[in-house]
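Accompanying notes for the structure given below.
Note on naming: letters A, B, ... go to the chains in the order of the sequence lines (proteins, then strands), and numbering restarts at 1 for each one.
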Amino acid sequence: MAADRYDAPKCEKHWQKAWEDKGIFQAREDDPRPKYYVLEMFPYPSGRIHMGHVRNYTMGDVVARHMRASGHNVLHPMGWDAFGLPAENAAIERGVHPGKWTYDNIATMRGQLKSMGLSLDWSRELATCDVEYYHQQQVLFLDMLEGGLVDRKTRKVNWDPVDHTVLANEQVIDGRGWRSGALVEQREQPEWVFKITDYAQDLLDALDGLDRWPEKVRLMQANWIGRSEGLLVRFETVKGTSPEGHNVLEVFTTRPDTLFGAAFMAIAPDHELAKAVAETNPQAQAFIEECHRHGTTAAEIETQEKKGIDTGVRVAHPAIEGAEIPVYIANFVLTEYGTGAIFGCPAHDQRDLEFARAYDRPVTPVVLPAGEDPATFAIGEEAYTGDGVLINSDFLDGLSVTDAKNAMADRLSARTVSGGPQGVRKTEFRLRDWGISRQRYWGCPIPMIHCEACGMVPVPVANLPVKLPEDVTFDVPGNPLDRHPSWKHVPCPKCGKDATRETDTMDTFVDSSWYFARFCSPRAGVPTDPNAVGHWLPVDQYIGGVEHAILHLLYSRFFARAMHKTGHVAVDEPFRGLFTQGMVTHETYKDADGKWVLPEDVTVRDGNSVHVETAAPITVGPVESMSKSKKNVVDPDSIIGTYGADTARWFMLSDTPPERDIEWTSGGVDGAHRFLQRIWRLVGDAAAKGSEVGASAPSGMDSEAEDLRRATHKTIAGVTNALQKLRFNSAVAQVYELANTLSASLQAAGAQPKDDVRFALREAAEAFARVSAPMVPHLAEECWALLGHKTLVAEEPWPEADQALLTEDTVTIAVQVNGRRRDELTIARDASKEDIEAAALKLENVERAIEGRKIKKVVVVPLRIVNVVA
RNA sequence: GCGGACGUGGUGGAACUGGUAGACACACAGGACUUAAAAUCCUGAGGGGGGCAACCCCCGUGCGGGUUCGACUCCCGCCGUCCGCACCA
């Protein structure tokens, strides 16, 4: 006799082994079926998987299993984003080698992922810290260098003087290093960059073609790239006011129309002219130093006052004969954007206005808003940035802003100053080149050699990989590669003299920018196998968190282009479809001392939340995304161990739309688990009462059987549609609906159902197993076996809905009077408009609602609605 | 400040291109089974009012307008919540 409960944890292991033994999830390039590449963002091996992973990988697995059943040759791989800082921190804190720490974590997490029953091709597993992987990454680097996509630039960076490393902007908190707490310095430092700006325009333009990406992500990328069209204007400096060699000051502006309102020039503290002035001007020198002490964090910039210092330099106004404009060094001008210099038009730019008020510069309006009188229009606290008509602007007077921009551009382009045109139309981008140098050990070594005689020399491909040395120490700050006794000393590949290796390693975003391509041929002796990438790329469906909307996805798009240019892939866009799933949230709990408490330590007694052991009162806080710091986390292992993976998967897919945040609740888990038990019972019942495996449909069908069949086929169609659109919650709801119908049918059928009902019961139960298989694969196998099958449901084709059963002969439509629903009408599907109208007007409720008024109009939309206007 | 998304019962949410608002689930209540409980099964339910009753009426998708025979859906203006960017010239 069968047990009366489905023992998920036990059965799940059995089915996982069955799948693995048959190797059914291994992808092959020579499979003739249409390919489908499903990928979820690979995890960082932090130690254990969290609920966010469970949600992400469940969704990907549903897509993979559904597509596989629908006749596709599916590639669904998994790997590890394994380089990065936490491994080095573990080395510093616990003395464990970063490599050991990482591979131990991978082993643990691999086991956890396997317990989820994901349909992954584990034979393609890779870790970015595998020598095999970063070897090929070094090959890519050299190819990109050769292709002119790599550069070495000296740039301003956040330098942590205690840890001896460069910090990313987000690692600087209140001007201090996030780990050392030391005041961060702005430093000029040479670093390797990828020339992503070469593709700025293309990366922007191609966003239009990414029609299967969320609009939100495309917008964020467009903003990040930040294209703006304007004019490069060359201002001549006034003789005798400017240091030697600085005869021209270049400025980028998007508002050349406001040039007649120019009240000052402002240059960045790091501008060449500023440096030149500082050499003879101690006050300017002091001001520049003060600017350097300020951090670059958003909060600091926001609170920073507009400050500047007059350099004494004067430039000639390009359109007003004899007029001179003073040049300031100002803290709000960015070195990195445009030319690092601006002209200030206070009337029409808020920053410029604030600066002009502080330094007493004139505010002359040159754009008049519609409806204002030029005689009285004045600027108060707010600059006017809108459209209007030009005033106080000589030859531009009376023109619109757009026309004035063009007129000024034309005029300046035609003029020559200091041997060049005074104005050049130009497009600027906010996007900067991608600095990849990190002064760290646990990353991919940059395969370059510094030779005193030959300069920068690439490591010959034959000498790759440049392997990380094993014997490193973390007891002192700084880069272990740099202080390793022998590693960096090598002969120059060109001249043979003593030289040193580059000790910087690559940003870990480089690793994740091409792993999707490497999965196509993970063991190839070259970065990519042309047949494999040709077959699999692009990724058809990529799934991950929105937090990667900009950097990772933009870098990957750049890499696809770079790899295309260097002959490694044949596509420009790596991801055809992108889906960004929401986060997993949970209530937060605090005890009387204000300390965070884990959900598993909280229980409800007599309506109050208390600690499980001490019964001390617990305060329930707001629902927030799961994080270790707030302790509102639930361990996937314990859920899977208690309820089984299918329960966790089902919960993740139920109720909440996948792009939204989902709240994890114990009640919801219980509910999910109860339903899975119910499926198991219903299918068991249906197996007992239904017809035998493979029985064909009896000739006659009574309405009882017919109705169940209709429900079954409606569910097949509905779930198929929902899964195609990734609306998992909708698919789940329809499975629930079929469960309710099946349950009612089983009750109505009694102990000895007729043949037609027996057939319908089996059909319903089989459909059940098949359509729920992508979501709860283990339970589906169990049900499939319960129904007497010897095959695996994972290898069964997706069921097809019988169109004939989806349409009924009669339809029920609503009947409205003056837009209010008064009754409904059941009528033949193919009834004519006239028949529908006549039947509707005969309805008692309709007659009453009309109250004898004259009927003005009757709107009839067949299959939908009747609206009587009276 | 700029850009974007969202606002529907006690709760999560559904409603395809404008056509019966609240599918489905959670929680809740009542009932069946049980010595009892758990589990399970059945039933109920947006709010308000009327009727012995099957039923009927009014209000209702953040607020105020508009378009339409008809608006959760489209347009305009507010309010609120969340997210991204943030001195980008």
Give one of base, sugar-phosphate or nothing for N740(A), where a contact means two heavy atoms less than 4.0 Å apart. sugar-phosphate
For a salt bridge (charged side-chain N to carboxylate O under 4.0 Å, His left out) check, start with the C-alpha distance between K307(A) and E290(A), then their side-chain angles and the critical distance, and finish with the verdict. CA-CA 11 Å; K307(A) 277 189 196 158; E290(A) 191 197 322; 3.5 Å; yes
Categorize D349(A) for me: base, sugar-phosphate, or nothing, with a 4.0 angstrom heavy-atom threshold over every strand shown. nothing
Under 4.0 angstrom, heavy atoms only, what part of the nucleic acid is S228(A) near: base, sugar-phosphate, or nothing? sugar-phosphate
Heavy atoms under 4.0 Å, any strand shown: does Q747(A) hit a base, just sugar-phosphate, or nothing? sugar-phosphate
Both distances below 3.5 Å, Watson-Crick or wobble geometry, any strand: find the nucleotide opposite rA25(B). rU11(B)
Within 45° of the ring axis of F332(A) and under 6.0 Å from its six-membered ring centre, is that where the NZ or CZ of K306(A) lies? yes
Verify salt bridge (charged side-chain N to carboxylate O under 4.0 Å, His left out) between E808(A) and R829(A), making sure each step is shown before the conclusion. CA-CA 7 Å; E808(A) 290 188 62; R829(A) 187 176 187 83; over 6 Å; no
Heavy atoms under 4.0 Å, any strand shown: does R727(A) hit a base, just sugar-phosphate, or nothing? sugar-phosphate
Taking the C1' atom of each, how far is rA27(B) from rG9(B), in whole Å? 12 Å
The side chain of D655(A) is closest to which nucleotide in this list: rA25(B), rC16(B), rC87(B)? rA25(B)
Base orientation of rG9(B), chi within 90° of 0 counted as syn, else anti, reads syn
Which base, if any, makes a Watson-Crick or G-U wobble pair with rC74(B), both distances under 3.5 Å? rG66(B)
Result for 5'-nearest mapping on RNA chain B, choosing between A814(A) and D823(A), is A814(A)
Need one value for V869(A): base, sugar-phosphate or nothing, where a base atom within 4.0 Å counts as base even if backbone is also close, heavy atoms only. sugar-phosphate
Tell me which nucleotide among rC26(B), rG3(B), rG12(B) gets nearest to the side chain of T656(A). rG12(B)
Report yes or no: does T715(A) contribute a side-chain atom to a donor-acceptor pair with the main-chain N or O of V735(A) at less than 3.5 Å? no
Hey, which sits more toward the 5' end of RNA chain B by its nearest nucleotide, A744(A) or N729(A)? N729(A)
Check this for me: does the side-chain of N867(A) come within 3.5 Å of the base of rG70(B) through a donor and an acceptor? no
Classify the nucleic acid contact of Y736(A) as base, sugar-phosphate or nothing, counting any heavy atom under 4.0 Å across all strands shown. sugar-phosphate
Sugar-phosphate, base or nothing in reach of V333(A), heavy atoms under 4.0 Å: base
For a quick check of understanding: with a heavy-atom distance under 4.0 Å over all strands, which category does T339(A) fall into, base, sugar-phosphate or nothing? nothing
Classify N845(A) by what it touches in the nucleic acid, base, sugar-phosphate, or nothing, heavy-atom distance under 4.0 Å. sugar-phosphate
Checking base pairs now: Watson-Crick or wobble, both atom distances under 3.5 Å. What partners rA5(B)? rU81(B)
When all nucleic acid strands are considered with a 4.0 Å heavy-atom cut-off, which category describes R218(A): base, sugar-phosphate, or nothing? nothing
Show the numbers, then the answer: is there a salt bridge (charged side-chain N to carboxylate O under 4.0 Å, His left out) between R351(A) and E354(A)? CA-CA 5 Å; R351(A) 290 162 319 193; E354(A) 284 167 33; over 6 Å; no
Using a heavy-atom cut-off of 4.0 Å across all strands, would you classify L219(A) as base, sugar-phosphate, or nothing? sugar-phosphate
Once you apply a heavy-atom cut-off of 4.0 Å, does Q816(A) come out as touching a base, just sugar-phosphate, or nothing? base
Partner of rA54(B) by Watson-Crick or G-U wobble geometry, both contacts under 3.5 Å, or none? none
Complementary nucleotide of rU40(B), counting Watson-Crick and G-U pairs under 3.5 Å: rA32(B)
So, does the side chain of K306(A) form a donor-acceptor pair with the base of rC87(B) at under 3.5 Å? yes
